[in-house]
Amino acid sequence: MGYSVAIRTLGTSGDKLVRELKSIYNQTVQPDKVVIYIAEGYPRPLNQIGDEKYVWVKKGMVSQRALSYSEILSDYILLLDDDVELQPQSVERLLAVVEQENADVVGADTFKNQDLSFISKIFAALTNWVVPHSDTRWAFKILTHSSFSYLNTPKKDYYPSQSCAGPASLWKKDTLLKLHLEDETFLDRLGFPFGEDLLTFYKVYVNGYKLFIHYRCGIAHLDGKSSSAAYQNNIQKFYIRSKGSFILWWRTCYQVREHKWWTAFIYMIKLSWLFWINIVASIVMLNIKIPFLYLKGIKDAWKYVHSDSYNAIPLLNAYARA
């Protein structure tokens, strides 16, 4: 069962990419090829660890995944960000799930929501309605208001899932191409692709493909933060977050679920709640612009999802498994 590695990068992660490449070349099951898809305009890192090849592509978290992968002939592709590190048996464990479950995608549990402190879990619930669940049918579930819930006490190595974190996932190449991720590159225009992981992997689920999360594959996130740091330190994040959240809800929930009025009602409650959270943030940060940026994001998102350019994009569930 051959696989190749595809890494997306800006080439700025430094030692983290070096550590990642060394861990890839230390796998018990070696890749057929390692290809690093680097954003146009960025220089190639000086370190050459093995026989990895660099290919320059259009910049964007989605764009650097929505590729033809013509350089890769393997049946499976391990998609990685440039800030993860693998244990020697990590890929072997992911491939085992593919073989046992006929999985289309197997993702690594890199952010470990279930291990967050109690205070962090409360903060996530209050600010984004991200909550734990005990439904052992799913590792992650996408809720009516488009936030996710996570299995709080996973006891097995892997579970089926409705979504996944983005830093590390093993895909059937054929599935990856059938889902046409290029249709989601509109997220890159936000400046920071808010919700890119959720949208990408929920697309797997709603089209009937089989997605699993492996909790013990041994892939660690090195917390690069090269692009997210700029996002977190910019007041515009309140605008990007509200606009991105609305578009994400519209695409993943409102357009693909049957009970649209109920879906809209629940989301209106969430919007109202988050408005008051933004009021609190404006008081704490002494910046009156925050709630106005929040409202502007919703307004602009509404205009966008009713635009001709957005409505030309096929629905998220238009790529059904044959």
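The analysis underlying the following values was restricted to heavy atoms, covering all of them including side chains, and did not include hydrogens, waters or symmetry mates. Along the sequence shown, the residues carry numbers beginning at 1. Remember, predicted model here, so these are calculated numbers, not experimental data.
- Sorted by first and then second residue, the side chain to side chain donor-acceptor pair (under 3.5 Å) pairs involving residues 17-29 (not counting sequence neighbours) are Arg19-Glu85, Tyr25-Asp51, Tyr25-Glu52, Thr28-Glu92.
- In the hydrophobic cluster analysis, where Ile, Leu, Val, Met, Phe, Trp and Tyr join through side-chain heavy atoms closer than 4.5 angstrom, Leu293 is grouped apart from Ile288.
- Remark: Ser68 engages no residue in a side-chain hydrogen bond (donor to acceptor under 3.5 Å, both in side chains) (not counting sequence neighbours).
- With sequence neighbours excluded, no residue forms a salt bridge (charged side-chain N to carboxylate O under 4.0 Å, His left out) with Arg93.
- Note on residues 76-124: pairs passing ring-ring contact (aromatic ring centres under 6.0 Å, His included), not counting sequence neighbours, are Phe111-His221.
- With hydrophobic clusters built from ILVMFWY side chains whose heavy atoms lie under 4.5 angstrom apart, Leu295 shares a cluster with Ile279.
- Counting all heavy atoms, side chain and backbone alike, Phe148 lies closest to Ile142 at CB-CD1, 3.9 Å.
- Hydrophobic cluster of Leu73: no remaining members, since no ILVMFWY side chain lies below 4.5 Å from it.
- For Gln114 and Tyr215, the side-chain atoms include no donor-acceptor pair closer than 3.5 Å.
- The side-chain contact (heavy atoms from CB on, under 4.5 Å) check on Ile313 picks up Asp183, Phe186, Arg251, Tyr304, Tyr310, with sequence neighbours excluded.
- Checked by atom type and distance alone, the side chain of Lys210 pairs as donor or acceptor with a backbone atom of Glu101 at under 3.5 Å.
- Within the 3.5 Å criterion, the main-chain N or O of Leu316 finds a donor-acceptor partner in the side chain of Asn207.
- Annotation for Ser161 and Tyr205: closest pair O-CD1, 4.2 Å, computed over non-hydrogen atoms.
- Side chain of His133 to backbone of Trp138: a donor-acceptor contact under 3.5 angstrom is found.
- Here the side chains of Tyr150 and Lys121 are in contact, with some heavy-atom distance below 4.5 Å.
- Of all heavy-atom pairs between Phe238 and Met285, the closest is CZ-SD, 3.7 Å.
- Other residues sharing a hydrophobic cluster with Leu211 under the 4.5 Å side-chain heavy-atom criterion for ILVMFWY residues are Val35, Tyr37, Val55, Val57, Leu67, Tyr69, Ile72, Ile77, Leu79, Val105, Trp171, Leu176, Leu177, Leu179, Leu181, Phe201, Val204, Tyr209, Tyr319.
- Between the side chain of Ser90 and the backbone N or O of Gln87, at least one donor-acceptor pair lies under 3.5 Å.
- Nearest heavy-atom pair, Asp197 versus Ala165, reported as atom, atom and distance to 0.1 Å: OD2-C, 3.9 Å.
- Separating the CG atom in Asp300 from the OG atom in Ser307 is a distance of 11.5 Å, to the nearest 0.5 Å.
- Under the 4.5 Å side-chain contact rule for hydrophobic residues, Val130 and Trp276 share a cluster.
- A distance-only check finds no donor-acceptor pair linking the side chain of Tyr54 to the backbone of Pro45 [under 3.5 Å].
- Lys270 pairs by the side-chain contact (heavy atoms from CB on, under 4.5 Å) definition with Asn128, Trp129, His145, Ser146, Ser147, Tyr267, Leu274, not counting sequence neighbours.
- His214 places a side-chain N or O within donor-acceptor distance of the main-chain N or O of Cys217, the cut-off being under 3.5 Å.
- Between Asp188 and Met61, the closest side-chain pair of non-hydrogen atoms falls below 4.5 Å.
- How far OH of Tyr294 is from OG of Ser242: 7.0 Å, rounded to the nearest 0.5 Å.
- No donor-acceptor pair closer than 3.5 Å links the side chain of Lys16 to the backbone N or O of Leu222.
- By the salt bridge (charged side-chain N to carboxylate O under 4.0 Å, His left out) test, Lys141 is found to be paired with Asp135, residues two or more places apart in sequence or in another chain being considered.
- For the salt bridge (charged side-chain N to carboxylate O under 4.0 Å, His left out) test, residues two or more places apart in sequence or in another chain that qualify with Lys178 are Asp174.
- No continuous path of hydrophobic side-chain contacts links Trp261 to Leu271 [ILVMFWY only; heavy atoms under 4.5 Å].
- In this structure the side chain of Ile298 never reaches within 4.5 angstrom of the side chain of Trp302, judged on heavy atoms.
- Expressed to the nearest 0.5 Å, how far CG of Asp115 lies from OG of Ser120 amounts to 11.5 Å.
- Using a 4.5 Å heavy-atom threshold, the side chains of Phe140 and Cys164 count as separate.
- Ion pairing of Lys203 with Glu184 is present here, as a side-chain N (NZ or NE/NH1/NH2) and a carboxylate O approach within less than 4.0 Å.
- Distance check, rounded to the nearest 0.5 Å: CD1 of Ile7 to CG of Asp81 gives 9.5 Å.
- Within the 4.5 Å cutoff, the side chain of Leu86 has heavy atoms near those of the Leu78 side chain.
- Remark: Asp157 CG to Arg216 CZ distance equals 5.0 Å, nearest 0.5 Å.
- Between atom CZ of residue Arg241 and atom CG of residue Asn278 there is a gap of 7.5 Å, rounded to the nearest 0.5 Å.
- Annotation for Arg8 and Val62: closest pair NH1-N, 4.5 Å, computed over non-hydrogen atoms.
- Linking Ile, Leu, Val, Met, Phe, Trp and Tyr residues whenever their side-chain heavy atoms come within less than 4.5 Å places Phe275 and Leu126 in a single cluster.
- Without hydrogens or angle criteria, Arg137 side chain to Pro160 main chain gives no donor-acceptor distance under 3.5 Å.
- The two residues Thr185 and Ser63 come nearest to each other via the heavy atoms CG2-OG, 3.7 Å.
- Taking the salt bridge (charged side-chain N to carboxylate O under 4.0 Å, His left out) definition, one finds that Asp32 meets it with nothing, sequence neighbours left out.
- For the pair Lys156 and Tyr159, the cation sits on the ring face: its NZ or CZ lies under 6.0 Å from the ring centre, inside 45° of the axis.
- Under the rule for a side-chain hydrogen bond (donor to acceptor under 3.5 Å, both in side chains), Lys173 has no partner lying at least two apart in sequence or in another chain.
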